[in-house]
Amino acid sequence: MELKTALSQKIAQAAEMDAAQAEQLLETPPDPKMGDAAFACFSLAKVLRKSPVMIAQELAEKIEKPEFVSRTEALGGYVNFFYDREFYAREMMRELQAAGDAWGRADIGAGKTVVIDYSSVNIAKPFHIGHLSSTAIGSALYKINKYLGYNVVGVNHLGDWGTQFGKLIAAYKMWGNDEEIARDSVSALLKLYVRFHEEAEKDESLNDIGRAWFKKIEEGDEEALRIFEWFKKLTLKEAKRVYTLLDVQFDSFAGESFYNDKIPAVLDELRAKNLLEKSEGAYVVHLEEEGLPPALILKSDGTTLYATRDLAAAEYRKKTYDFYKNLYVVAYQQSLHFKQIFAVLKKMGHEWAAGCEHVAFGMVSLDDGVMSTRKGKIVLLEDVLTKSVEKTRAIIEEKSPGLEDKDNVASDIGIGAVIFSTLSQSRIKDITFSFDRVLNFDGETGPYVQYTHTRCASVVRKHEKNDAGMDMSALLNDEAFAVLKMLNAFPNMLLMASEKNEPFYVTRYLIDLAQAFNKYYYEYRIIDEDVQKTNARAALACAVKNTLKRGLALLGIKAPEKM
RNA sequence: GUACCCGUAGUUCAGCUGGAUAGAAUUCACGACUCCGACUCGUGCGGUCGCGCGUUCGAAUCGCGCCGGGUACACCA
């Protein structure tokens, strides 16, 4: 329900100004006691050469009230509008009930494709909490954009290319043990990789052997490829286990190696457009005009780099998916890299480069410093999830021993808590990981939102269906009205989350909605003898339940009926 | 050295396309509810919004300069 547009037209009439301009000056007062909408008169003061206080008083009288406004009031330099709560409740409930569990769904994305590159696991590296941000943010954006009608393509841009894999195969050939690898999978591979680096410090010739194996991969050597594909399969198998737990999907696993045969075409294009220049033995694209350091495209030895591959990937994605937006959910360490890539694409004359965006996020570190895979200083994501589920399980045993399906509920809540905590601040901020913080279920957390959902679910279950109709007078109090206004904000909030690529808007919203509902729930009994009032209150609880469930689902979090 | 990002209650964070007394959560201290399903609700304590100057009727929010922290800057990805 969008009332501000209608209201701003009336204001524009009275103040003899542009409706769009009036809408810009229309805001929400800091305290609901002041009203539901407020028009700021300060900027008019200059034009009219009158004090804002006087303008506000005059306008308050002059403005023709739309049917949904019950009264206006001039306060300081503001004209405050109070909505007719009965009208508001009736219209909101009508909209909410018509939408059912699809509240907030939109079609603004119809016919447009959004490509999202996220998670992007590295072959032979364990899935640790450092990978959670990209995975959770990307997955949430995937679901949010889909809900808004976009066609979404989730890409897991596998880190499956580079000299490191030659080294890994070399290590495997020297010390590998098939049984151990079959049993320990990625951690066995990591062990081999770490051992290689240790031994290479003593014996430099090992690096040559590693390089030789990488060359074999590049040349398509059968044995090298077979081993590498095996390692890839093991890594993906582990990653997919985590993806299932987190409810994360991908449409493509085209990684770095996938673009190998597409690089020559990019190089040809760069040459044809006279962008490639020799510098210190290597080939670069100069970006002085853009205020950026040159982008290195080819090494002195003629081999390609990360940037080259990313250019090929961007062109491939445009050609294959004809994206409207092309998002890279990658840590902020790479922001210069992406600026350069986008600048080169623009220089190549690709206007679609404007649709490419780096969705940067902060880094995750530990109390005692940065994580290091090679040193084994990491926290595995699966360990975090397991601990969280175990803790939840213990709480359930204590608080609700009679609950059915304890295992699934424990898993929904435990895993949900981890995702929620990852998405509960703006993505650019750094995070110091601590078990205490992630495993804290008090306050603004996933379990709090899930708990509120089960409260609503319980009411909905208990409420007996009937045809008596709703008495909206039950929803006119401050608390219920605040809940209705929160519900009204949901669709717009989703649009903002998509526009800004900030899943955290959803997290924040869910907390606010849950708080508003709990306040209401505490003050008023929902089910009582008055059937019509009960119907109205239960319908509100049902709308809150649907919205909480939907919001959680968009973050990849389940909403159990009972807990 | 250069560029980008961050700096708001003890702590973790909102608010930053300028607007009314700067908000939560958490901790601590009280209190309510003990119910429609527990982790619920309320009150209190707690802030030179890093510092300074400027723009503006009005700045946590915009600009400039500092300070502190982080990240990145050519042959890794």
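So you know, we letter chains A, B, ... as the sequences are listed, proteins then strands, and number each from 1.
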Roughly how many Å is it from CD1 in A:I428 to C1' in B:rC13, rounded to a whole number? 15 Å

Same-atom distance (C1') from B:rU48 to B:rG7, integer angstrom: 15 Å

Quiz item: A:D310 side-chain donor-acceptor pair to B:rA77 base, under 3.5 Å: no

When all nucleic acid strands are considered with a 4.0 Å heavy-atom cut-off, which category describes A:E256: base, sugar-phosphate, or nothing? sugar-phosphate

Please pick, from B:rG42, B:rA74, B:rC75, the nucleotide with the shortest atom-to-atom distance to any side-chain atom of A:S279. B:rA74

Go through B:rC75, B:rC73, B:rG15 for me and flag the one nearest to the A:Y505 side chain. B:rG15

Verify the neighbour count for atom NZ of A:K346: are there more than 12 heavy atoms of other residues, nucleotides or ligands below 6.0 Å? no

Which nucleotide in the set B:rA24, B:rC73, B:rC75 lies at the smallest distance from any side-chain heavy atom of A:Q515? B:rA24

According to a strict under-4.0 Å criterion, is A:Q333 in side-chain N/O contact with OP1 or OP2 of B:rU71? no

Using the P atom on both, measure B:rC62 against B:rU8 and round to a whole Å. 15 Å

B:rG23 - base-pair partner by Watson-Crick or wobble geometry, distances under 3.5 Å: B:rC13

Using a 4.0 Å heavy-atom cut-off, write out nucleotides 56-61 of chain B from 5' to 3' as B (base contacted by protein), S (sugar-phosphate only) or - (no contact). -B----

Once you round it to whole Å, what is the distance between C1' of B:rG37 and CD1 of A:I527? 12 Å

Looking at every strand, decide which applies to A:R309 at a 4.0 Å heavy-atom threshold: base, sugar-phosphate, or nothing. nothing

Against the side chain of A:I526, the closest entry in B:rA14, B:rA74, B:rC36 is B:rC36

Should B:rU43 form a Watson-Crick or G-U wobble pair with both distances under 3.5 Å, which nucleotide is its partner? B:rA29

Distance under 6.0 Å and angle within 45° of ring axis: A:R309 vs A:Y259: no

Has the side chain of A:T445 got a donor or acceptor atom sitting under 3.5 Å from an opposite partner on the base of B:rA25? no

Base paired to B:rG37 (Watson-Crick or G-U; both N/O distances under 3.5 angstrom): none

Distance in angstrom units between A:D442 CG and B:rC28 P, rounded: 11 Å

note: A:E277, atom CD; B:rA74, atom P; distance rounded to Å ~ 18 Å

Report the residue (A:I396 or A:I511) whose heavy-atom-nearest nucleotide on RNA chain B is the more 5′ of the two. A:I511

Counting heavy atoms from C-beta on, name the nucleotide in B:rA20, B:rU21, B:rC13 closest to the side chain of A:Q425. B:rC13

Separation of the P atoms in B:rU27 and B:rC33, to the nearest angstrom: 22 Å

Around A:K4, counting heavy atoms of other residues, nucleotides and ligands shown, do more than 12 lie under 6.0 Å from its NZ? yes

From the set B:rA74, B:rU71, B:rA14, return the single nucleotide nearest to any side-chain atom of A:F504. B:rA14

A:R49, CZ: over 12 other non-hydrogen atoms inside 6.0 angstrom: no

If you check the A:E444 side chain, which of B:rG7, B:rA24, B:rC41 turns out closest? B:rA24

Distance check, P atoms only: B:rG50 and B:rA25, in whole angstrom units. 22 Å

Measure from the side chain of A:L296, starting at C-beta and using heavy atoms only, and say which of B:rA20, B:rC75, B:rU71 lies closest. B:rC75

Can you find a donor-acceptor pair, distance only, under 3.5 Å between A:S458 side chain and B:rC36 base? no

Within the side chain of A:S434, is there an N or O that forms a donor-acceptor pair under 3.5 Å with the backbone of A:R437? yes

NZ of A:K278 versus C1' of B:rC75: gap in Å, rounded? 13 Å

Side chain of A:I395, heavy atoms from C-beta onward: which of B:rU40, B:rC76, B:rC39 has the nearest atom to it? B:rC39

Closest approach to the side chain of A:L305, judged atom by atom: which nucleotide of B:rG42, B:rA24, B:rA77 is it? B:rA77

OP1 or OP2 of B:rU12 versus the side-chain N and O atoms of A:K429: is any pair under 4.0 Å? no

Under 6.0 Å from the ring centre and within 45 degrees of the ring axis: does the NZ or CZ of A:K167 meet both conditions for the six-membered ring of A:F196? no

Presence of donor-acceptor pair under 3.5 Å, side chain of A:Y522 and base of B:rA32: yes

Please find the pair of heavy atoms, one from A:A497 and one from A:V506, that lie closest to each other, and give the distance. CB-CG2, 4.2 Å

